[in-house]
Amino acid sequence: MNNFTFYSPTYFVFGKDEENNAGKYVKRFGGRKVLLHYGGGSVVRSGLLDRVKTSLKQEGLSFVELGGVQPNPRSGLVYQGIELCRRENVDFILAIGGGSTIDSSKAIAAGTVYEGDFWDFYMGKPVTKALPIGTILTIAAAGSEGSPDSVITKEEGMFKRGASGEAYRPAFSILNPALTQTLPPYQTACGITDIMAHLFERYFTNTKDVEVTDRVIEGLLMTMIHEAPKVIENPNDYQARANIMWAGMMAHNNCCGVGRDQDWASHDLEHELSALYDCAHGAGLAVVFPAWMEYNMHHDVMRFAQVANRVWGCAMDFQHPEITAKAGIRAFRNFLRSIGMPQTMKELGGKEEDIPYLAHTAAYGNGNNGTLGGFVVLQEEDMANIYRLTL
Ligand code: NZQ
Ligand code: ZN
């Protein structure tokens with residue numbers, strides 16, 4: 001196991017109706033003037049936004065609001081949010097929605113207290129200072145409610161890039177699984193795929209003797225395989241929603257990534273797809289991740305065979321571990337298909353002739369250094385080959 005530090009200061013509030021206490025938590029974490037930030041309207045239609053406003057008023061807190069965050073959140077709205085926060089002397093940002101809204105909130109939080117262009121953070125500058133953020137999560141997926149990350153698309157050039165820093169960890173996050181019951185099955189499945197992808201990005205590592213985190217990841221993956229069909233079958237299954245929601249947080253606050261090198265090439269390859277075709281992040285991962293596995297399996301075939309055996313229940317063939325490894329990848333693909341996820345780039349609107357552009361942007365766009373991945377280091381040609389496997 002590698003040396004590590006782990007700081008996860010977020011105060012989690014989990015359970016039914018907890019959004020009605022939002023005002024209390026904003027106050028507790030120092031907010032006086034709040035920006036309510038949300039997406040395209042689901043929180044308005046469900047009545048959640050009104051309940052949160054009532055809760056803020058009960059605590060005597062004033063607020064301004066900015067809706068309209070799109071999935072794959074854009075830089076344009078971030079600039080608007082920064083201007084609004086400065087003009088209104090906002091000192092706390094409350095994100096109500098999914099990963100896109102939370103990530104947009106984080107970018108506004110950092111940009112408001114920074115003199116330069118907030119995009120500097122998405123070019124690699126660590127985020128050390130930001131307004132405090134609270135979240136009320138409505139979809140189990142990105143894990144941004146507990147992570148130090150934010151992913152934004154810059155409209156100029158359509159670069160989708162991430163920024164990181166401890167200042168991006170939310171002060172509090174309210175997780176009420178019942179709020180996720182209004183999600184359409186496709187979005188639910190995209191979220192499940194993203195959660196599993198966060199686990200696989202950490203599982204495929206060159207670090208030895210990481211039994212604790214291996215086993216935690218395997219347990220979370222098995223939980224997803226067990227709970228996912230229940231919510232696809234019955235969107236109102238509160239207990240299954242609850243298990244998936246907490247798994248989503250655990251998958252990405254890095255409690256199961258500490259002490260080990262991680263990969264993340266599949267995420268980077270996917271970000272090019274959602275930047276170019278505006279597909280859902282989870283759907284892009286459903287296409288890319290199995291292809292990445294197939295392409296890189298021989299780098300450490302025993303690791304692929306291990307997850308196939310322990311998580312997917314494939315029989316271990318010690319003489320020919322590649323047979324077990326391949327069976328595991330097949331099981332993953334079948335699972336994704338069973339929850340309604342796409343299998344090919346075409347289903348996302350992708351075209352073969354775009355592959356050179358996708359690979360080149362993944363490798364060199366926005367100041368990237370030409371390689372991706374920590375488990376297997378990919379060159380531009382490998383990236384193109386992986387995209388080709390998704391056709
Ligand atoms: O915009 P509204 O109207 O709210 O609708 C949203 C949106 O259309 C809808 N939705 C959310 N909750 C709902 C609901 N509809 C009905 N009922 C509800 N309860 O779902 C759609 C997707 O929302 P979005 O926030 O985009 O989903 P998600 O949480 O999957 O976030 C995806 C974004 O997070 C980034 C992705 O790249 C993508 O941009 N990621 C962020 C990470 C992080 N910050 O740590 C890590 C991830 O790997 C990921 O890259
Ligand atoms: Zn993700």
Side-chain angles (χ1 to χ4, degrees), residues 10 19 37-49 67-75 77 95-107 109 121-122 127 133 135-154 159-165 168-170 173 175-202 231 235-236 241 244-245 248-249 251-254 257 262-275 278-286 288-289:
T10 307
E19 65 275 13
H37 199 33
Y38 53 91
S42 72
V43 304
V44 179
R45 288 190 295 278
S46 67
L48 173 60
L49 183 64
V69 180
Q70 291 170 249
N72 305 317
R74 307 293 204 274
S75 54
L77 196 68
I96 314 173
S100 295
T101 295
I102 301 174
D103 287 1
S104 181
S105 299
K106 289 178 176 180
F121 301 116
Y122 295 76
V127 185
I133 309 147
T135 85
I136 301 175
L137 187 65
T138 62
I139 170 172
S144 191
E145 67 277 12
S147 84
D149 311 313
S150 156
V151 186
I152 301 289
T153 301
K154 188 186 172 115
F159 292 121
K160 187 174 182 184
R161 293 291 182 268
S164 257
Y168 267 175
R169 299 250 190 202
S173 283
L175 277 59
N176 173 1
L179 297 179
T180 68
Q181 287 173 198
T182 53
L183 278 166
Y186 185 76
Q187 285 297 342
T188 299
C190 286
I192 288 164
T193 307
D194 193 18
I195 293 168
M196 294 177 82
H198 295 162
L199 295 164
F200 282 128
E201 296 282 17
R202 292 173 166 94
V231 292
N236 295 321
R241 291 275 187 195
I244 291 172
M245 200 170 206
M249 203 299 296
H252 199 46
N253 86 331
N254 210 30
Q262 305 175 15
D263 191 71
W264 295 99
S266 299
H267 262 71
D268 291 329
L269 293 171
E270 191 295 311
H271 286 161
E272 299 309 327
L273 297 178
S274 43
D278 206 14
C279 59
H281 171 60
L285 287 167
V288 164
F289 222 128

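Counting starts at 1 for both ligands and their atoms, in listed order. Owing to the predicted nature of the structure, the values given are computational and were not obtained by experimental measurement.
- The ligand atoms of ligand 1 that sit less than 4.0 angstrom from a heavy atom of Thr138 are 11 (C), 12 (N), 13 (C), 18 (C), 19 (N).
- When rounded to 10 degrees, the angle formed at the Zn ion (ligand 2) by NE2 (His281) and NE2 (His198) equals 170°.
- Scanning Gly191, Gly99, Gly146 for the heavy atom closest to atom 31 (O) of ligand 1 points to Gly99.
- Distances from atom 35 (C) of ligand 1 to the heavy atoms of Leu183, Thr188, Asp103 put Asp103 nearest.
- Under the 4.0 angstrom criterion for non-hydrogen atoms, Gly41 is in contact with ligand 1.
- No part of Gln70 comes within 4.0 Å of ligand 1, judged by heavy-atom distances.
- For atom 16 (C) of ligand 1, the closest non-hydrogen atom on the protein side is Thr182 O, 3.5 Å.
- No donor-acceptor pair closer than 3.5 Å links the side chain of Arg161 to the backbone N or O of Lys154.
- Of the protein's non-hydrogen atoms, the one nearest atom 34 (O) of ligand 1 is Ala142 CB, 3.6 Å.
- Relative to atom 8 (O) of ligand 1, the option among Gly39, Pro71, Ser266 with the closest non-hydrogen atom is Pro71.
- Of all atoms in ligand 1, numbered sequentially from 1 with element shown, those under 4.0 Å from a heavy atom of Pro73 are 39 (O).
- The single protein non-hydrogen atom nearest to atom 2 (P) of ligand 1 is Gly40 N, 3.4 Å, given as residue, atom name and distance.
- Of all protein heavy atoms, the one lying nearest to atom 30 (O) of ligand 1 is Ala141 CB, 3.5 Å.
- When the Zn ion (ligand 2) is compared with the N/O/S atoms of Asp194, atom OD1 turns out nearest.
- Only the backbone of Leu179 comes within contact range of ligand 1, with a heavy atom under 4.0 Å; no side-chain atom does.
- Residue-level proximity to ligand 1 for Gln181 is absent, since no heavy atom of it falls below 4.0 angstrom.
- Among all protein heavy atoms, the one lying closest to atom 45 (O) of ligand 1 is Ser147 OG, 2.8 Å.
- Among protein heavy atoms, atom 24 (P) of ligand 1 sits closest to Ser100 OG, 3.4 Å.
- Side-chain contact annotation: Asp278 with Gln70, donor-acceptor N/O pair under 3.5 Å absent.
- Here the protein heavy atom with the shortest distance to atom 49 (C) of ligand 1 is His281 NE2, 3.4 Å.
- Side-chain contact check for Asp103 and Ser144: at least one donor-acceptor pair (N or O, by modelled atom type) lies under 3.5 Å.
- Considering His198, His252, His271 only, the shortest heavy-atom separation from atom 47 (C) of ligand 1 involves His198.
- The ligand atoms of ligand 1 that sit less than 4.0 angstrom from a heavy atom of His267 are 48 (O).
- In this structure, atom 4 (O) of ligand 1 lies nearest to the protein heavy atom Ser42 OG, 2.7 Å.
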